[in-house]
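Structure first, commentary second.
Naming convention: chains lettered A, B, ... in sequence-line order (proteins, then strands); numbering from 1 in each chain.
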Amino acid sequence: MAMSRVSTTQMYENIKSHVAKAQEQQAKTAEQASTQKALIKPSQDPSGWLQVSSLKDDNSARKTMAKNAVIANQVLSSTETIFEHVNESLLRAYDLAVAQADDARGTSETRGFVYEEVKQIFDGLIQMLNFRFGQRTLLAGFKSSGLAFDEKGNFVGDTGRIEVEIDKGLKIPLSINAQEAILGAGKENATNILANLHEFMDGLIENDPTKIRGTLEGFKSSIAQVSAVRAEIGARMNGIERALSKHAASEIDTTDTISKIEDVDAVKVLSDLARDQTILQASVATSQKILSEQPIDIFFK
Amino acid sequence: MAASRQSLQVTSNNIANANTPGYSRQKVVLETNDQIMTKGLRLGGGVRVKEALRIHDQFVEKQILQEARGLGGAKSRSGALTRLQDILGNDSSRVGEIINNFFGSVRELTANPEQAAMKVAVVESAKNAAHGFKELHASLDSLKQDLDNQLEVEVSRVNTLARELAGLNENISKCVKVGSPPNELYDKRDLILRELSQKLGLQAMTDDNDQKIITLEGVGLLVNGSEANELMLMRTPGEGKKDPGSVDIFMKAGDNHRKVSQVLKEGELAGILQVRDEVVSPSISFLDRSVYEFAKSINDVHRKAGGLDGAPGTNFFKEPVNVDDASYYIDVEESIVKDPTSLKAGLDSTLPGDNRLALSMADIQNEKLLPGSFSAGLDGNKSQTLNEGLNNLIAEVGVRAAHEERELSQQESIMEQLNNYRESVSGVSLEEEAMNMMQYQTLYNASAKALKTGLELFDTILSLVD
């Protein structure tokens, strides 16, 4: 459509339209500059918006799982300390058993003194086995508010397995089955550590070296049993460390991806803002020039 | 002199109406008067104004009417979808965050099931989730009501325009019959037609009496000469307890009325109906379905913890009766609000370290609870998690909004071009009118001079007689 004729309204409307478009563009750029966001509403980039939302949801879940992983690490670390103490106690008791099993070194008098020490080791062990982390007795299973073992060494907790999710689809147990680990229940060729210790104490009180000698193998298998439990705890803690590393790396990657989609290039947006402001000023100045020198003004002078 | 004076009048009228919307400039058509025979001589009879011709391009006017319906539809759809995505896609109140916060607190409970404070935190996040869903439902509902109100205003405006058009038809017909084309009335009628066309897809024809007949596609006659039919709104009852239903558009025909909402395809009214019925209502339904599945799944897990006396377990949320309005009614169960420590974290509530229920509740966030796509309806296999479903809903709304924004931008460009062309043909140029004015003024002065000369000659003759 060739337009050789320009009406007065057309001229004003065109000027208004150009200025309005320049203002609109400047307003858009100013909003980006002030929010530092390129993606403010879904219609600007629907697929980008969807990606960002999914990543934010993922990040949110990861944060809680990472928190749980840290707690799990602390719980397992404390549990490892318990078994470290159990190990040390058993090693000491074993040394005493070896000495008192030998008639040349053990007498009824010495066995009486050793009994007192072993009794203390036993009591200390029970205390350690009932260790609480916060409001939880670590080895009591689901019955975490009570004791795991009574003063005689009977198990009064349960075998409940407390698990937490440390990564998507990966749950890790926080608890150790103390009935199995300490009393050997339900496991083939396992040793009842506390019963073996009791047997040793009985042997000392009864001044019975044969009984004492009978507990030496029990002590060896007890120590091996505790080592196996500690290895299991170590493996779980390694798994947690890997999950935490993965979370940290994912957080960096997703934050970077979100930023690439959502955020503006700070330098570019300032440059765009300056450009848009210049365009608006030029548009207004041109309009002023056009409007100030109308032919009709000349005709009617 | 009379012709020049009339020409000056037409020019003055053009100048006065330079800014009048829809005004078409008028051009004086001069023609010579019949010759006069005097003593065997044929002398010219002077000039007369044949007509004030309305400068107007019917073709471009037709194109404007055609494009106006597209512009109207794109405008209303774009406006409504922008509001919808502002509600759904608001980053600070993103519906995904509501869900993330709830499941996050449940996950933290799994690591600390003994701690009462953790249970309190879960109950608080559940209350926030319920509140968030309700707020979202209310916002969507409010948008739907606003669209209904907008329909009411637009229908009223359509009826007013139709009546005005019918009135103009009658007046134009009367003027045409006496041989006096009413240019200003034609302009007013064209202006009304443009506005009507933006509101509804219409066909305009002109009869022998120069009256416009307006037909709505798929609906029938809106204006027939000097008679106008009316559109009206009526509310179709809703299905849910609180749903007040939607308004629909009906065409009055005598004492009867016929529903026409479903046949309106173009224009602002159709645009509003399309967004309301094809996007907003399904969005509300999808939200209801999401909340229903969410509440029901959480309750199914929570009830697994039976009471000490063997009594069945309790719900976490008030059990939704049905899908409709689930997001309106959702709330945490009263007993849990009163005593947050009664929230069950484990299967056996006597065991403080039991976190099995909390673990199962946290797993619900990764379960496929929702069907494929909100726009494909709510039937079909469950293939999306809560987060996926709601994020996809927002993204789909974003896709539609982006499409309508582009459409609107295109239509605005086309209309701008057409209006510019119309203005270049029919618009008043003050410079041109100023030139015309000078021309007619010069002619008038010349005619006056000729008359004066004639009078002087006559005076001379008279003086000779005296």
| query | Does R107(B) reach the main-chain N or O of T64(A) with its side chain, forming a donor-acceptor pair under 3.5 Å? | reply | no
Greatest number of non-hydrogen atom pairs under 4.5 angstrom with chain A, of Q115(B), Q365(B), R356(B), falls to R356(B)
Heavy atoms of E114(B) and S144(A) approach each other most closely as OE2-OG, 3.0 Å
Residues N100(B) and S60(A): closest non-hydrogen pair is CB-OG, 3.3 Å
Taken to the nearest 0.5 Å, the spacing of D57(A) CG from E388(B) CD works out to 9.0 Å
Quiz prompt | Over 12 non-hydrogen atoms of neighbours within 6.0 angstrom of CG in D256(A) | solution = yes
### Message
Check K63(A) with E108(B), please: is the shortest side-chain N to carboxylate O separation under 4.0 Å?
### Response
no
Scanning both residues in full, the closest heavy-atom pair of N391(B) with W49(A) reads O-CZ3, 4.2 Å
Scored by heavy-atom pairs under 4.5 Å with chain B, the best of Q44(A), R161(A), K41(A) is K41(A)
The reported gap from CE in M11(A) to CG in L430(B) (rounded to nearest 0.5 angstrom) is 8.0 Å
Okay, V428(B) and chain A: the region with an atom under 4.5 Å from a heavy atom over there is backbone
Ranked by heavy-atom pairs below 4.5 Å to chain A, first place among L351(B), T82(B), T110(B) goes to L351(B)
Margin query: Taking atom NZ as the centre, does K62(B) end up with more than 12 heavy-atom neighbours from other residues, nucleotides or ligands that are less than 6.0 angstrom away?
Written below: no
Interface check, chain A: of N112(B), L81(B), N355(B), most non-hydrogen pairs under 4.5 Å belong to N355(B)
Sequence neighbours excluded, the answer for salt bridge (charged side-chain N to carboxylate O under 4.0 Å, His left out) partners of K75(B) is none
Hits for ring-ring contact (aromatic ring centres under 6.0 Å, His included) against F155(A), two or more places apart or cross-chain, chain-then-number order -> F149(A)
Expected contact set for residues 162-180 of chain A against chain B at heavy-atom separation under 4.5 Å reads I162(A), E163(A), V164(A), E165(A), K168(A), K171(A)
Note: T9(A) and E423(B) closest approach over all heavy atoms is CB-OE1, 3.4 Å
Atom CD of Q36(A) with >12 non-hydrogen neighbours under 6.0 angstrom
yes
Heavy atoms of A111(B) and I71(A) approach each other most closely as CB-CD1, 4.2 Å
Check: Under 3.5 Å, side chain of Q85(B) to main-chain N/O of S43(A), donor-acceptor pair present?
Finding: yes
Applied to residues 18-27 of chain B, the salt bridge (charged side-chain N to carboxylate O under 4.0 Å, His left out) test, sequence neighbours excluded, yields R25(B)-E432(B)
Q. Is it true that E416(B) and K21(A) make a salt bridge, defined as a side-chain N closer than 4.0 Å to a carboxylate O?
A. yes
The interface call for D45(A) against chain B, heavy-atom contacts under 4.5 Å, is neither
Closest heavy-atom pair, P42(A) versus G398(B), reported as atoms and distance to 0.1 Å, is CB-CA, 3.9 Å
Whatever's closer than 4.5 Å to a heavy atom in chain A on D363(B) counts as side chain
Turns out that what part of K67(A) lies under 4.5 Å from chain B's heavy atoms comes down to side chain
Could you tell me whether a side-chain N or O of S7(A) sits under 3.5 Å from a main-chain N or O of S429(B), the two making a donor and an acceptor?
no
